[in-house]
Amino acid sequence: MAERAGEKTVRSNRTDDPVAAIELLKVTRSFGSRKVLHEIDLAILRGELFGLLGPSGSGKTTLVKLIAGLDAPSGGSVLLLGERMPNRRVLGRVGYMAQSDALYSELTGKQNLEFFASLYGLSGARRTERIASVMKLVDLTEHLNKPVSAYSGGMKRRLSLAVSLLHEPELLLLDEPTVGIDPVLRQSIWTELLSLRDKGITIVLTTHVMDEADRCDRIGLIREGRLTAVDSPEGLKRASGASTIEEAFIVLGGGTRA
Amino acid sequence: MRIRALALRIVRQFIRDRRTIALLFLAPLLVLTLMYFVFNGQSVKPDLATIGIPAEWHSKLEQAGAKIEPYSSLPEAEADLRKGKLSAILSTEGNRFSVRLEGSDPSESKSALLLIQQTLQSDIERDLTSSAWSAKLDISYEHGEGRLTSFDSFGPVLVGFFSFFFVFLLAGVAFLREKTTGTLERLMASPIRRFEVVFGYLAGFGVFTILQATLIAWFSIQALGLYMDGSFWLVLLTNLLLSLVALTLGTLLSTFAGSEFQIIQFIPLVIVPQVFFSGLFNLDAMNPWLQKLSYAMPLYYGADALRGIMLRGEDLPDIQIDIYALLAFSIAFIVLNMAALRKQRAF
């Protein structure tokens with residue numbers, strides 16, 4: 001019953017929907033004989049803040065990498081911003097932040113940003129303006145000329161987010177953006193994400209923190225490589241008769257109530 | 001108790017890392033085997049060209065361990081001597097008796113001269129009574145005027161080796177770090193093309209390899225006084241190509257390494273065998289079928305060209321095969337690098 005509710009939402013969004021930012025059609029990924037993702041069908045709308053919720057090892061990162069074009073599905077197809085993947089051009093419209101900060105620690109924050117901006121074809125005055133703008137957004141303007149090796153963990157995370165926002169992507173893919181971050185910083189990152197969403201940017205993030213899932217427009221529950229339910233937080237709670245996402249996750253994920 | 005725990009942990013780590021175990025046990029065997037073949041092969045036979053020498057001397061020289069090749073004209077023999085095909089020419093000119101040595105390998109020249117002197121000493125003296133020969137051997141050198149030291153002879157190889165070795169290590173570690181810190185993944189998540197990654201690396205490192213190649217060549221020639229008979233620009237070109245091979249090979253192999261430690265492990269497997277085959281040791285003493293292995297080693301071509309330029313004053317046409325070989329290695333490794341990047345991004 002609950003699963004059907006999830007699938008219904010997915011189906012209604014499919015079939016060449018122009019407002020879909022991401023469409024996954026029967027996406028399967030296996031490493032050797034081990035199947036990590038089982039026939040994932042999912043459509044994520046433009047302007048949506050979509051959360052992939054699942055325990056570690058459930059296949060969240062694999063799914064994000066498939067969407068980002070870093071990995072190819074063993075079966076099925078991925079459509080990104082209306083383009084069938086793999087497609088190199090469409091990567092210029094996507095911002096990606098992995099679990100690791102992926103920064104050059106010998107370089108200053110500014111040098112890092114300059115490098116990544118150039119990869120996306122930003123140059124001259126436009127580049128300078130974008131760097132100033134994203135650094136202001138993540139509140140690192142005064143640390144622009146410090147080497148990244150002197151940054152704190154939270155500052156690195158924010159700089160990493162700034163890098164993924166440089167080229168004003170239409171779609172933001174964030175793998176565990178708030179993992180290992182203190183509550184105050186987490187709050188400020190969420191404020192930023194919500195304001196980006198309000199500007200019309202599609203955001204897909206993975207998390208295993210339940211209260212973060214509550215803030216998403218819709219959530220996809222992943223367990224052992226299967227998408228077990230997709231709905232708004234309210235919808236999931238209603239469908240499972242649970243009062244919290246955590247409970248809903250346990251019910252809908254196929255587990256038993258504690 | 002804690003010591004035991006620590007020791008146990010190290011043993012367990014080793015057992016997990018199969019490659020390190022294999023290296024620990026097999027690499028020394030590989031290196032020792034190579035050394036066995038290099039130093040324990042057939043003895044070096046000097047190639048002697050003879051012109052107008054009595055036939056009985058031929059057999060005497062051959063018994064003493066020389067390889068005799070009779071030539072009919074001196075210019076013909078001299079041309080082959082210049083190419084390094086011969087160790088020495090033994091000829092008569094009127095009643096004078098002269099030896100012209102190749103000279104670029106001091107130890108080889110020395111052994112050839114010694115062999116001739118010892119074998120023919122009694123004959124020369126005996127003939128002196130009939131005054132058919134002059135008592136004095138007329139000794140001349142094709143290259144180096146007999147002043148070459150051992151360092152002059154293997155110096156060019158070292159010049160090439162150090163360029164190769166350091167660029168290989170540096171490029172390997174730099175590319176590996178790009179992989180382990182996740183920046184490579186971030187790079188590949190941008191619309192960059194795979195060839196742009198490879199060529200960006202070449203250009204960035206290229207700046208420093210040019211500087212390094214120039215510095216090494218300049219220092220060894222000007223400051224250390226390494227014998228130099230050819231063009232400095234050719235030395236630079238060869239060194240640069242050698243660094244290019246090292247750079248592309250280093251980045252390629254780093255895709256098969258999971259840590260800096262595993263990059264270091266490539267040294268006994270990739271670098272050490274190349275040293276043995278680079279010409280630091282005379283390969284003529286090695287088993288002929290093993291000698292052929294040197295054709296698969298980039299350093300062999302680089303060292304061959306550098307020796308040719310610096311010791312024998314060879315020009316571009318003489319070393320072009322080496323240049324082409326180094327270019328071919330670089331291109332092959334670049335293509336493989338681009339293919340290996342598929343591991344990072346599916347297209």
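Side-chain atoms are counted along with the backbone in the values below, which use heavy atoms only and exclude waters and symmetry mates. Numbers restart at 1 for each chain; the letters A, B, ... are given by sequence-line order, proteins then strands.
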At a heavy-atom distance under 4.5 Å, which candidate from [options] has the highest pair count against chain B?
| options | value |
| --- | --- |
| A:D101, A:V163, A:L66, A:V94 | A:V163 |
| A:G121, A:S160, A:A68, A:S105 | A:S160 |
| A:A72, A:A98, A:G69 | A:G69 |

When you compare the side chain of A:L52 with that of A:V204, does any pair of heavy atoms fall below 4.5 Å?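 A:V204 reaches A:L52 side chain to side chain.
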
Cation-pi geometry met for A:R29 and A:F31 (6.0 Å, 45°): yes

A:F116 six-ring centre to B:R186 NZ/CZ under 6.0 Å and within 45° of normal: yes

Go through A:E224 and A:K35 one step at a time and tell me if the salt bridge (Lys or Arg N to Asp or Glu O under 4.0 Å) criterion holds. CA-CA 9 Å; A:E224 284 161 12; A:K35 238 181 182 179; over 6 Å; no

Verify the distance criterion only: is there a donor paired with an acceptor across the side chains of B:E178 and B:T183 at less than 3.5 Å? yes

Does any backbone or side-chain atom of [X] lie under 4.5 Å from a heavy atom of chain A? Answer side chain, backbone, both or neither.
| X | result |
| --- | --- |
| B:R342 | neither |
| B:E185 | both |
| B:E196 | neither |

Does the distance from a Lys or Arg side-chain N to an Asp or Glu carboxylate O, for A:E176 and A:K60, drop under 4.0 Å? yes

Engaged part of A:L103 at the chain B interface, taking heavy atoms whose separation is under 4.5 Å: both

